[in-house]
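What you see is a predicted model, and the numbers here were worked out from it, not measured in a lab.
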Amino acid sequence: NELDVNSQQFVNYQISEKLMDSFFEGLRNMALENCYIASFTDDYSDGRMWHDYTNYEGIAIEYKNDESITLRDSEGNSSNHKFKKVAYENAQSFNFFSSIGKLPDAMITGIFANYDWGNDTHQIKENLKDNYWKWTEQTVLTKDSSWITQRESRLIISNFMEGYSTTQSRTFFYDFSELKSITFGPKTSNEK
């Protein structure tokens with residue numbers, strides 16, 4: 001039914017709609033961590049990749065190792081990051097309750113307030129977090145099968161497990177010696 005925009009009923013409808021939007025946004029924020037993903041392919045000469053992502057401009061950097069790369073942070077600390085292969089299949093469903101492991105320890109212990117956390121023989125918190133991380137990783141490493149020609153791998157940086165909350169903490173540097181080749185796109189200008 002149409003509501004009179006000047007009626008109290010319409011005002012109540014707008015308020016309840018905003019509350020529902022806020023509620024679902026809050027659930028999403030609780031359940032999904034911030035992941036930062038860099039995508040890679042093992043075929044830099046694929047014309048579709050140049051078309052879809054670069055308009056034939058820019059560069060393709062080929063690394064010597066296609067399984068991992070050593071990156072330095074802004075403070076000079078080095079760490080090894082693994083490339084993870086994308087699976088091309090049906091998208092994963094979302095289950096809010098399987099993501100509870102993302103919650104801070106205080107929230108998990110509050111939800112199960114009567115549990116003896118001092119004697120956690122079942123290792124509930126650790127299992128929740130392990131299962132959540134596996135679920136998150138599977139979610140970001142699955143694409144529809146129509147993209148299979150991309151042969152993509154991803155480098156995943158996560159706030160939740162690894163603590164990369166600031167832009168500076170997510171800025172990495174690699175050694176030039178890690179490179180195997182640099183390929184320029186056919187439309188890359190001389191200035192770039």
Side-chain angles (χ1 to χ4, degrees), residues 18 21-22 24-96 98-99 102 132-192:
K18 286 180 183 174
D21 287 348
S22 296
F24 285 112
E25 183 180 344
L27 281 180
R28 185 191 65 79
N29 290 339
M30 275 177 55
L32 298 175
E33 66 179 300
N34 289 327
C35 282
Y36 305 92
I37 300 169
S39 296
F40 301 86
T41 181
D42 63 3
D43 185 6
Y44 63 86
S45 64
D46 183 345
R48 182 177 170 191
M49 297 291 282
W50 282 99
H51 174 270
D52 290 351
Y53 295 102
T54 70
N55 196 25
Y56 301 101
E57 297 179 323
I59 62 171
I61 299 173
E62 183 181 15
Y63 296 101
K64 289 179 181 175
N65 185 345
D66 61 356
E67 294 182 10
S68 66
I69 187 169
T70 300
L71 298 172
R72 285 186 325 278
D73 63 20
S74 59
E75 296 175 4
N77 302 312
S78 293
S79 57
N80 195 31
H81 294 265
K82 292 187 181 209
F83 298 117
K84 300 188 181 217
K85 297 269 184 207
V86 169
Y88 299 95
E89 55 193 47
N90 295 331
Q92 300 296 308
S93 61
F94 176 79
N95 180 340
F96 171 76
S98 70
S99 67
K102 186 251 187 190
Y132 174 74
W133 177 242
K134 287 175 190 166
W135 173 80
T136 299
E137 189 173 89
Q138 185 178 19
T139 301
V140 298
L141 290 175
T142 303
K143 288 178 83 169
D144 186 76
S145 58
S146 63
W147 296 96
I148 198 165
T149 59
Q150 291 188 338
R151 298 182 356 213
E152 185 180 349
S153 293
R154 291 182 168 177
L155 184 69
I156 304 167
I157 306 231
S158 159
N159 273 359
F160 169 59
M161 294 297 278
E162 297 160 349
Y164 296 110
S165 59
T166 65
T167 303
Q168 183 178 358
S169 68
R170 295 187 306 272
T171 302
F172 296 102
F173 306 89
Y174 60 87
D175 289 325
F176 200 72
S177 62
E178 297 252 8
L179 300 183
K180 183 176 181 180
S181 71
I182 299 175
T183 303
F184 292 86
K187 289 187 178 179
T188 303
S189 68
N190 292 335
E191 291 79 32
K192 291 184 180 180

**Request:** May I ask you to decide if Glu75's main-chain N or O and Asp73's side chain share a donor-acceptor pair within less than 3.5 Å?
**Result:**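 Such a contact is found between Asp73 side chain and Glu75 backbone.
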**Request:** Taking Thr188 for its side chain and Gly58 for its backbone only, find out whether a donor-acceptor pair lies under 3.5 Å.
**Result:**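 Answer holds: yes.
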Are the side chains of [X] and [Y] in touch, meaning some heavy atoms are under 4.5 Å apart?
X      : Y      : result
Glu62  : Thr183 : no
Ile61  : Tyr174 : yes
Lys187 : Glu57  : yes
Asp66  : Phe83  : no
Lys64  : Lys180 : yes
Thr171 : Ser74  : no

**Prompt:** With under 30° as parallel and over 60° as perpendicular, where do the rings of Phe40 and Tyr63 fit, or are they tilted in between?
**Reply:**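 Rings of Phe40 and Tyr63: perpendicular, over 60°.
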Spacing of [atom1] belonging to [X] relative to [atom2] belonging to [Y], to within rounding of 0.5 Å:
X      : Y      : atom1 : atom2 : value
Glu152 : Lys85  : CD    : NZ    : 10.5 Å
Ser153 : Leu141 : OG    : CG    : 9.0 Å
Leu179 : Asn65  : CG    : CG    : 12.0 Å
Arg151 : Thr41  : CZ    : OG1   : 6.0 Å
Lys82  : Ile69  : NZ    : CD1   : 14.0 Å

**Request:** Could you tell me which residues satisfy side chain to side chain donor-acceptor pair (under 3.5 Å) with Thr70, sequence neighbours excluded, listed by chain and number?
**Result:**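 Residues passing side chain to side chain donor-acceptor pair (under 3.5 Å) with Thr70: none at all.
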In a table with atom names and distances, give each donor-acceptor pair under 3.5 Å that connects a side chain of residues 43-51 to protein atoms at least two apart or in another chain.
residue : atom : partner : partner atom : Å
Asp43   : OD1  : Ser45   : N            : 3.3
Asp43   : OD1  : Ser45   : OG           : 2.8
Asp46   : OD1  : Arg48   : N            : 2.9
Arg48   : NE   : Asp52   : OD2          : 3.2
Arg48   : NH1  : Thr149  : OG1          : 3.2
Trp50   : NE1  : Tyr44   : O            : 2.6

**Minimum heavy-atom distance between Val140 and Ile156, given as atom pair plus value** =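 Smallest heavy-atom distance, with atoms named: CG2-CD1, 3.5 Å.
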**Request:** Consider only side-chain N and O atoms of Asp175 and Ser177, and report whether a donor and an acceptor are under 3.5 Å apart.
**Result:**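 On atom types as modelled, these side chains do not qualify, holding no pair under 3.5 Å.
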